Amino acid sequence: MCGIVGYAGRRKAAPLLLDGLKKLEYRGYDSSGIAVENAKGEIQAVKAKGRLIKLIELTSGGENLDGTVGIGHTRWATHGEPNDVNSHPHLSEDGRFAVVHNGIIENYLELKSFLTDKGFKFVSQTDTEVIAHLLEYYFDGDVLDCIRKVLNKLSGSYALGILFNETPDVFYAIRKDSPLVVGLGKDENFIASDMPALLKHTRNFILLSDDEIACISGTKVVIYNKNMEVEEKKPFFVDWDPETAEKGGYPHFMLKEIHEQPKAVRDTVMPRIKDDKIVLYDISLSAEYVKSIKKINIVGCGSAYHAGIIGKYYIERVCRIPVETDFASEFRYRSPIADERVLTIIISQSGETADTLAALREAKRLKSRTLAVVNVLGSSIAREADDVLYTHAGPEIAVATTKGYTTQVAALYLIGLYLAKTLDTIPQSEYEEQLKSLKNLSDNITKLLEKPEETQYLASLYYKNKDLFFIGRGMDYASALEGALKLKEISYIHAEAYPAGELKHGTISLIENGSPVIAVAVDKRLFEKTLSNIKEVKTRGAKVIAVASNENRAVENEAEHTLYIPDCHPLLAPVLTAVYLQLFGYYVAAVKGCDIDKPRNLAKSVTVE
Ligand code: F6R
């Protein structure tokens, strides 16, 4: 995944491009580059391996590059190692075109051999370079015609920014299966891979459809559809506060986003509860359709997949409909069984995860009805699903998801409860109790966040450990999975999550004197069983840290330390458990001095399969 930006207007482009790239660095940070074009049509490109700061230093914050039109890129390498040459922008051999690209050109080898036969010399190992050379090859006087011809040759995914030396006031932008927004300013216009990168300048945006070509100057944006007819697009306004894309006094975006969860959950839940009923205003599942559902598939990657497991336990409990949860990367390849009577719920914070998008398409191909739970407005998954339920988490910048995850879980509660009510599988009193707890969820997160000291203390005790185990049963197991993922991805400590009863079938042999085991013991129904599993590991020398509900205080007799979640309906507790485990992972990584917002080898939105 990479981030791209573009600018056309009256101001000097380079400092603005660098500023935009700063906001997109979470999408890729192994190298970066910008290209600007001056009024004479001279294109100047500067690239640097490493963090964006290198490029900023190299260009004196962009001040030593003239030109009011430009494009920029921050890279997360997929083809070719991170180095200056492989960094974008890539220039055509004659230097007349410059290109930045996010995505993958799947047929680049074929195109490369075609161009090599025509005498083109390649300097990089990237797939993107073919685009620059193709532009040169197909140009015969009409730049739009040339871009269209090039697009017709590409297969794969791309968001592109293109400069052409004969049109110094304009740059070109195209997207297909990769995110890109056009931001509309006053006498200036922008592109970026996401909206937060531009919130400082505008909150008015246009979304491009696949393979539309946008010609962007400071004063206008003209969009051509695939038939090269001008397409009128209605801009839309986002009410995200520009502040939400800044750290706001927190040392890391991750901690800020952990603390934004009360608001994120409230914004996701409250507008959908009216007169003590769930109203899913943005989706259209008729009672007739709901009654016809025979199975639900839930698909996602990473944390979104974990949210899906919570969803499975929850929906099966309250709706009595079988639910299968799949890793999106596996879904397509296991010949999934689906038809009109199978509802496929697709979960993705970014709405751009390649595997999840592919799973959505597979479900649609099988005629399954698709319902996406997505955070980013207008993202690919949101656009392609039959229905979208937006989580209103606001922009999530830290690579490790926090508020993205808890709002996904909250959204699944809303969906499950809505289905249960429609199917009449839940007694009214239970429905009311759960609704009440759902409404209180946000306040309960606030309560939990008021006391970070215990979690900080625990982090200081365990940050030197090389391995940690997480155990739990039922929904507590799903929480354990998410807790382990949070810890390992940001602190680089090896962490494994197991169903508590499963450990003794092999993995318990790894437990030795002092091994830390985080036991999630929130579910009252399963407590006695979990407690015996806690005893099993304790007997082998484990040090147990429990995350428990007040109902299960007996855990203190076995655990070294216990963190208690505020009281709430047991089925909704995983949201609260998650917050403790996020804090634990965060503080461990903080004590270790890790690069929390941008962990090594990871990117925020994984647009490659
Ligand atoms: C983990 C994390 C990832 C994402 C996964 C899916 O902290 O952030 O596991 O959950 O890459 O991303 P989305 O939800 O954008 O599809």
Side-chain angles (χ1 to χ4, degrees), residues 1 3 26-28 76 177-179 193-194 196 252-255 257-258 261 264 268 298-311 325-331 345-361 370 372-385 388-391 393-412 478-479 481-492 495 497 578-579 581-586 588-589 594-609:
M1 173 176 92
Y26 74 94
R27 299 179 61 87
W76 185 65
D177 296 337
S178 281
S193 299
D194 69 21
H252 299 100
F253 278 113
M254 184 174 174
L255 190 61
E257 288 160 8
I258 288 174
Q261 289 180 108
T268 302
I298 307 186
V299 185
C301 294
S303 297
Y305 169 74
H306 297 156
I309 301 180
I310 306 266
T325 309
D326 276 275
F327 290 112
S329 54
E330 292 288 317
F331 182 72
I345 303 180
I346 304 283
I347 308 181
S348 177
Q349 186 283 129
S350 61
E352 299 294 346
T353 304
D355 282 317
T356 315
L357 182 59
L360 163 74
R361 290 177 179 163
T370 53
V373 173
V374 168
N375 190 42
V376 177
L377 200 79
S379 52
S380 303
I381 292 173
R383 287 199 277 180
E384 291 192 25
V388 189
L389 191 141
Y390 281 108
T391 52
E396 194 176 61
I397 309 291
V399 164
T401 183
T402 52
K403 59 178 181 168
Y405 171 77
T406 45
T407 51
Q408 285 165 352
V409 176
L412 288 164
S479 299
L481 283 168
E482 177 58 8
L485 178 60
K486 282 290 89 81
L487 181 71
K488 61 189 149 192
E489 68 181 320
I490 56 170
S491 76
Y492 313 140
V579 180
L581 297 179
Q582 292 164 356
L583 284 173
F584 181 73
Y586 172 81
V588 168
C594 297
D595 192 352
I596 294 180
D597 286 336
K598 300 184 194 107
R600 69 181 176 219
N601 305 338
L602 289 175
K604 182 68 186 159
S605 141
V606 185
T607 49
V608 292
E609 285 182 32

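Ligands are counted one by one from 1 in listed order, and the atoms in each one are counted from 1 as well. Everything quoted here is computed from the prediction, not taken from an experiment.
- Comparing V376, T353, V399 against atom 13 (P) of ligand 1, the shortest heavy-atom distance belongs to T353.
- Below 4.0 Å from some heavy atom of K486 lie the following atoms of ligand 1, by number and element: 1 (C), 7 (O).
- Shortest contact from atom 5 (C) of ligand 1 to any protein heavy atom: C301 O, 3.4 Å.
- When atom types are taken as modelled, the side chain of N375 and the backbone of P395 share no donor-acceptor pair closer than 3.5 angstrom.
- Interface atoms of ligand 1 facing Q349, defined by a heavy-atom separation under 4.0 Å, are 13 (P), 14 (O), 15 (O), 16 (O).
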### Query
Should D177 and S380 be marked as a side-chain hydrogen bond (donor to acceptor under 3.5 Å, both in side chains) after you check the CA-CA gap, both sets of side-chain angles, and the distance that decides it?
CA-CA 6 Å; D177 296 337; S380 303; 5.2 Å; no
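- Heavy-atom distances between H306 and ligand 1 stay at or above 4.0 Å for every pair.
- Not a single heavy atom of E352 sits under 4.0 Å from any atom of ligand 1.
- Close approach to S350 involves these atoms of ligand 1, each under 4.0 Å from a residue heavy atom: 13 (P), 15 (O), 16 (O).
- With contacts defined as side-chain heavy-atom distances shorter than 4.5 Å, the pair L481/I309 qualifies.
- The closest donor-acceptor contact from the side chain of S350 to the backbone of E352 lies under 3.5 Å.
- Ion pairing between a basic and an acidic side chain is recognised when a charged N comes within 4.0 Å of a carboxylate O; K403 and E396 show no such pairing.
- Among all protein heavy atoms, the one lying closest to atom 3 (C) of ligand 1 is S303 N, 4.0 Å.
- Distance alone, capped at 3.5 Å, places no donor-acceptor pair between the S491 side chain and the K488 backbone.
- Remark: ligand 1 atoms within the under-4.0 Å shell around heavy atoms of A304 are 10 (O), 14 (O).
- For the residue pair T406 and Q261, a side-chain donor N or O sits within less than 3.5 Å of a side-chain acceptor on the partner.
- A donor-acceptor pair shorter than 3.5 Å cannot be found between the side chains of T391 and Q408.
- Heavy-atom contacts of A400 reach the following atoms of ligand 1: 7 (O) (cutoff under 4.0 Å).
- Formation of a donor-acceptor pair under 3.5 Å by the D597 side chain with backbone atoms of F253 is found in this model.
- Near E489, the atoms of ligand 1 lying under 4.0 angstrom from a non-hydrogen atom of the residue are 1 (C), 7 (O).
- In this structure, the protein non-hydrogen atom closest to atom 11 (O) of ligand 1 is V606 CG2, 4.4 Å.
- For G404, the closest heavy-atom approach to ligand 1 does not fall below 4.0 Å.
- Those atoms of ligand 1 that come under 4.0 Å of a heavy atom in Q408, given as number and element, are 14 (O).
- Of all atoms in ligand 1, listed by their number and element, those nearer than 4.0 Å to a heavy atom of S348 are 13 (P), 14 (O), 15 (O), 16 (O).
- Taking 4.5 Å as the limit, some side-chain heavy atom of L487 sits within range of a side-chain heavy atom of V588.
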